[in-house]
Amino acid sequence: MEQHSVQRFVAIVTASFVFIVLVSLLGGFGRGNQNDTVLMGFEEGSNNTLPTILHRKLLHRDTAMVEPNRIWGSKCSMSDIVITQGPTTPLPNGIPTYTVDIMNMCVSGCKISDIHLSCGWFSSARLINPKLFKRLRYNDCLVNDGRSLLNGGSISFQYANTFLYPLTVSKVVCV
């Protein structure tokens with residue numbers, strides 16, 4: 001009989017411990033701690049205009065994105081060219097392929113020509129029309145044979161290589 005009461009006592013203590021832990025965890029989410037009184041970087045109930053506690057780490061990109069710095073009437077910038085690329089069906093021999101879309105997203109209706117991309121030692125196992133995209137030298141690829149890419153226009157091509165090449169805009173001319 002005494003063995004059953006010991007087992008019952010251990011079960012009650014264990015259940016109580018689990019209950020206390022759950023209550024404290026759930027209560028902690030609702031009540032918060034000292035650092036949780038910061039809402040959007042400002043203390044509640046104060047007239048602070050500067051954040052008192054910063055508890056978010058800002059992530060910095062390896063490559064700085066060029067942001068347009070223009071006043072109404074400026075033509076265009078490198079950031080108006082948007083490059084997207086993603087994997088597509090591999091070649092029959094198993095080499096991965098990627099589709100690249102290069103778009104002119106200029107909001108002021110500009111045409112952009114002489115688009116050059118930083119492309120490293122870009123190469124492809126699949127032939128790419130050189131009028132659409134070609135590597136001129138290391139880290140310099142030309143888009144659309146240097147011709148204008150109209151506002152809202154895009155150029156697409158596929159390449160095949162064992163890895164995806166990072167492509168970034170290095171030079172444009174506003175028309």
Side-chain angles (χ1 to χ4, degrees), residues 35-44 46-175:
N35 289 339
D36 287 340
T37 61
V38 177
L39 179 64
M40 298 290 289
F42 297 96
E43 285 186 8
E44 292 178 331
S46 70
N47 291 332
N48 290 345
T49 57
L50 296 175
T52 57
I53 298 175
L54 297 175
H55 53 118
R56 289 188 183 175
K57 182 177 179 181
L58 299 176
L59 299 177
H60 300 283
R61 295 177 67 170
D62 290 339
T63 58
M65 183 175 174
V66 178
E67 293 293 329
N69 183 12
R70 48 181 117 131
I71 303 172
W72 293 105
S74 294
K75 287 190 174 187
C76 67
S77 72
M78 291 192 308
S79 63
D80 289 323
I81 299 298
V82 176
I83 302 168
T84 59
Q85 58 178 321
T88 51
T89 307
L91 294 178
N93 60 3
I95 298 175
T97 62
Y98 304 94
T99 297
V100 178
D101 290 313
I102 303 169
M103 298 166 278
N104 177 353
M105 303 299 285
C106 181
V107 294
S108 61
C110 55
K111 295 189 294 184
I112 301 176
S113 66
D114 203 25
I115 302 168
H116 287 257
L117 305 182
S118 297
C119 56
W121 286 113
F122 182 88
S123 65
S124 176
R126 170 180 275 172
L127 184 62
I128 300 170
N129 182 348
K131 291 185 178 186
L132 293 179
F133 186 82
K134 66 180 167 186
R135 182 171 57 92
L136 302 175
R137 63 188 71 71
Y138 170 74
N139 217 25
D140 185 18
C141 291
L142 183 64
V143 176
N144 201 26
D145 212 19
R147 295 185 313 268
S148 295
L149 187 58
L150 300 176
N151 178 35
S154 68
I155 301 252
S156 293
F157 63 90
Q158 286 188 344
Y159 69 92
N161 203 313
T162 53
F163 59 90
L164 183 136
Y165 279 96
L167 302 173
T168 58
V169 180
S170 60
K171 177 188 164 200
V172 297
V173 172
C174 299
V175 181

**Q** What distance separates K171 NZ from L117 CG, expressed to the nearest 0.5 Å?
**A** 12.0 Å

**Q** Kindly compute the distance separating CE (M105) from CG (N151), expressed to the nearest 0.5 Å.
**A**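 CG of N151 is found 9.0 Å from CE of M105.
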
**Q** Over all heavy atoms of both residues, which pair between A125 and I95 is shortest? Give the atoms and the distance, please.
**A**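 Heavy atoms only, the tightest pair is CB-CD1, 3.9 Å.
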
**Q** Could you tell me whether the side chain of T97 and the main chain of L91 form a donor-acceptor pair under 3.5 Å?
**A** no

**Q** To the nearest 0.5 angstrom, please state how far the CD1 atom of I102 sits from the CD1 atom of I155.
**A**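 Output value for this atom pair is 7.0 Å.
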
**Q** Less than 4.5 Å apart, side chain to side chain, heavy atoms only: is that true for L142 and D114?
**A** yes

**Q** Nearest 0.5 Å, what's the OG-CG distance between S118 and N139?
**A** 4.5 Å

**Q** Search all heavy atoms of I128 against all heavy atoms of S124 and return the closest pair with its distance.
**A**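 That would be CD1-CB, 3.9 Å.
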
**Q** Would you check if the side chain of N104 reaches a backbone N or O of K111 as a donor-acceptor pair within less than 3.5 Å?
**A** no

**Q** Compare every heavy atom of C110 with every heavy atom of C76, then report the nearest pair and how far apart it is.
**A**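 Where C76 meets C110 most closely, the heavy atoms are CB-SG, 3.3 Å.
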
**Q** Examine distances only and state if a side-chain atom of D145 and a backbone atom of R147 form a donor-acceptor pair shorter than 3.5 Å.
**A**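 No, the answer is negative, given that no donor and acceptor are paired below the 3.5 Å cut-off.
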
**Q** Please round to the nearest 0.5 Å and tell me the distance separating atom CD1 of I112 and atom OG of S77.
**A**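 One finds 7.5 Å between CD1 of I112 and OG of S77.
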
**Q** Please confirm whether the ring centroid of F133 lies under 6.0 Å from the ring centroid of F122.
**A**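 Yes, they do, as the ring centres are separated by less than 6.0 Å.
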
**Q** Enter the distance from S154:OG to L149:CG here, rounded to the nearest 0.5 Å.
**A** 7.0 Å

**Q** Go through it in stages, so that I can follow the logic: the residues are C141 and C119, the test is disulfide (SG to SG under 2.5 Å), and I'd like the CA-CA distance, side-chain angles, deciding distance and then a yes or no.
**A** CA-CA 6 Å; C141 291; C119 56; 2.0 Å; yes

**Q** Between Q85 and Y159, is there a side-chain donor-acceptor contact under 3.5 Å, judged purely by atom types and distance?
**A**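 A pair is found: one side chain offers a donor N or O, the other an acceptor, under 3.5 Å apart.
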
**Q** Do T168 and I83 make a side-chain contact, defined as non-hydrogen atoms from C-beta onward lying under 4.5 Å apart?
**A**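 T168 does not reach I83 side chain to side chain.
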
